[in-house]
Amino acid sequence: MVIRDIMTRTVVTAATHTPVREVAEIMRERNVGGVVLCAEDGAPVGFITDRDVAVTIVAGGRDPAGSALEHASTPVVTGEPDMDLREAATLMARFGIRRLPVLEDGRLAGIVTLDDIAVRTADPELQSHLTATITRSALPEFYFHQRGG
């Protein structure tokens, strides 16, 4: 099975200069836990999650009017549509991430999440392994953050 078989093709994105508060509103309106921040050419340059907003920005006393890119994970770890699901799972576990944007020819083609794997794959061994590995990962999701301020 490859990522293309289970990925969500609609990816919620925002421009790099978008304020954190607006990104949080986008997450609420679209019912997603993460937003890919894209450069003007559409290339993903950052990824910000609801956890980043709550823990790093709100609980950290940072200004939610500031740019989301200042608090985003960079660089963005990505996969490809024809990547084997086990390879993608290994990549996710290696970097301790729960969401993997998928690029095709350098452009966003979709996103695959831990939930996608748990719900859409018929491989309980893979589900169990991935969930356990990511949950216990030594590299938390915020490992790549470049924190501003």
Side-chain angles (χ1 to χ4, degrees), residues 1-18 20 23-24 26-28 30-60 62 66-149:
M1 182 177 282
V2 295
I3 289 177
R4 180 185 318 274
D5 296 335
I6 67 164
M7 72 181 188
T8 301
R9 295 186 187 283
T10 304
V11 183
V12 178
T13 64
T16 56
H17 63 273
T18 306
V20 171
V23 168
I26 291 168
M27 287 182 198
R28 182 185 64 213
R30 301 289 301 273
N31 194 29
V32 296
V35 173
V36 178
L37 302 176
C38 295
E40 288 184 25
D41 66 358
V45 294
F47 195 97
I48 188 163
T49 68
D50 49 3
R51 179 174 170 77
D52 295 328
V53 172
V55 176
T56 303
I57 300 160
V58 175
R62 298 214 164 102
S67 167
L69 186 58
E70 294 175 21
H71 306 284
S73 297
T74 59
V76 180
V77 178
T78 61
E80 298 174 357
D82 294 324
M83 180 182 278
D84 180 77
L85 193 54
R86 287 189 180 275
E87 183 181 352
T90 299
L91 185 65
M92 292 170 79
R94 177 175 162 219
F95 288 101
I97 57 175
R98 291 168 171 78
R99 300 166 183 92
L100 184 68
V102 181
L103 299 183
E104 188 166 32
D105 299 324
R107 309 291 267 170
L108 280 170
I111 190 163
V112 66
T113 68
L114 182 60
D115 288 344
D116 293 332
I117 293 170
V119 172
R120 297 179 184 165
T121 183
D123 187 342
E125 179 185 327
L126 176 61
Q127 293 172 7
S128 176
H129 170 71
L130 182 61
T131 302
T133 303
I134 289 178
T135 302
R136 292 189 316 254
S137 177
L139 297 174
E141 191 163 1
F142 56 86
Y143 179 77
F144 292 100
H145 288 261
Q146 295 178 344
R147 297 208 168 105

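Keep in mind the model is a prediction, meaning the values are calculated, not measured.
Counting all heavy atoms, side chain and backbone alike, Val36 lies closest to Pro44 at CG1-CB, 3.5 Å. The shortest non-hydrogen separation linking Pro81 to Ala109 is CG-CB, 4.5 Å. Asp52 and Phe47 make their closest contact through OD2-O, 3.9 Å (heavy atoms, listed as atom of the first residue, atom of the second, distance). Nearest heavy-atom pair, Val53 versus Ala24, reported as atom, atom and distance to 0.1 Å: CG1-CB, 4.3 Å. The shortest non-hydrogen separation linking Gly42 to Cys38 is O-SG, 3.7 Å.
Scored by the salt bridge (Lys or Arg N to Asp or Glu O under 4.0 Å) test, Asp50 finds Arg99 as partners (sequence neighbours excluded). Applying the side-chain contact (heavy atoms from CB on, under 4.5 Å) rule to Thr8 yields the partners Ile111, Asp116, Arg120; only residues at least two apart in sequence or on another chain are considered. In terms of the side-chain contact (heavy atoms from CB on, under 4.5 Å) criterion, residue partners of Ala14 (sequence neighbours excluded) are, by chain and number, Thr18, Val23, Ile26, Val35, Leu37. With sequence neighbours excluded, the residues that form a side-chain contact (heavy atoms from CB on, under 4.5 Å) with Asp41 are Ala39, Ala43.
Annotation: side-chain hydrogen bond (donor to acceptor under 3.5 Å, both in side chains) contacts involving residues 75-87, sequence neighbours excluded, comprise Arg4-Asp82, Arg86-Asp123.
Taken from NE2 in His71 to OG1 in Thr56, the straight-line distance is 8.5 Å, to the nearest 0.5 Å. Taking CG of Leu100 as the start and OG1 of Thr113 as the end, the distance is 10.0 Å to the nearest 0.5 Å. Rounded to the nearest 0.5 angstrom, Arg30 CZ and Thr13 OG1 are separated by 8.0 Å.
Counting heavy atoms from C-beta on, the side chains of Leu108 and Leu103 come closer than 4.5 Å.
Panel note: side chain Thr74, backbone Val45; no donor-acceptor pair is recorded below 3.5 Å.
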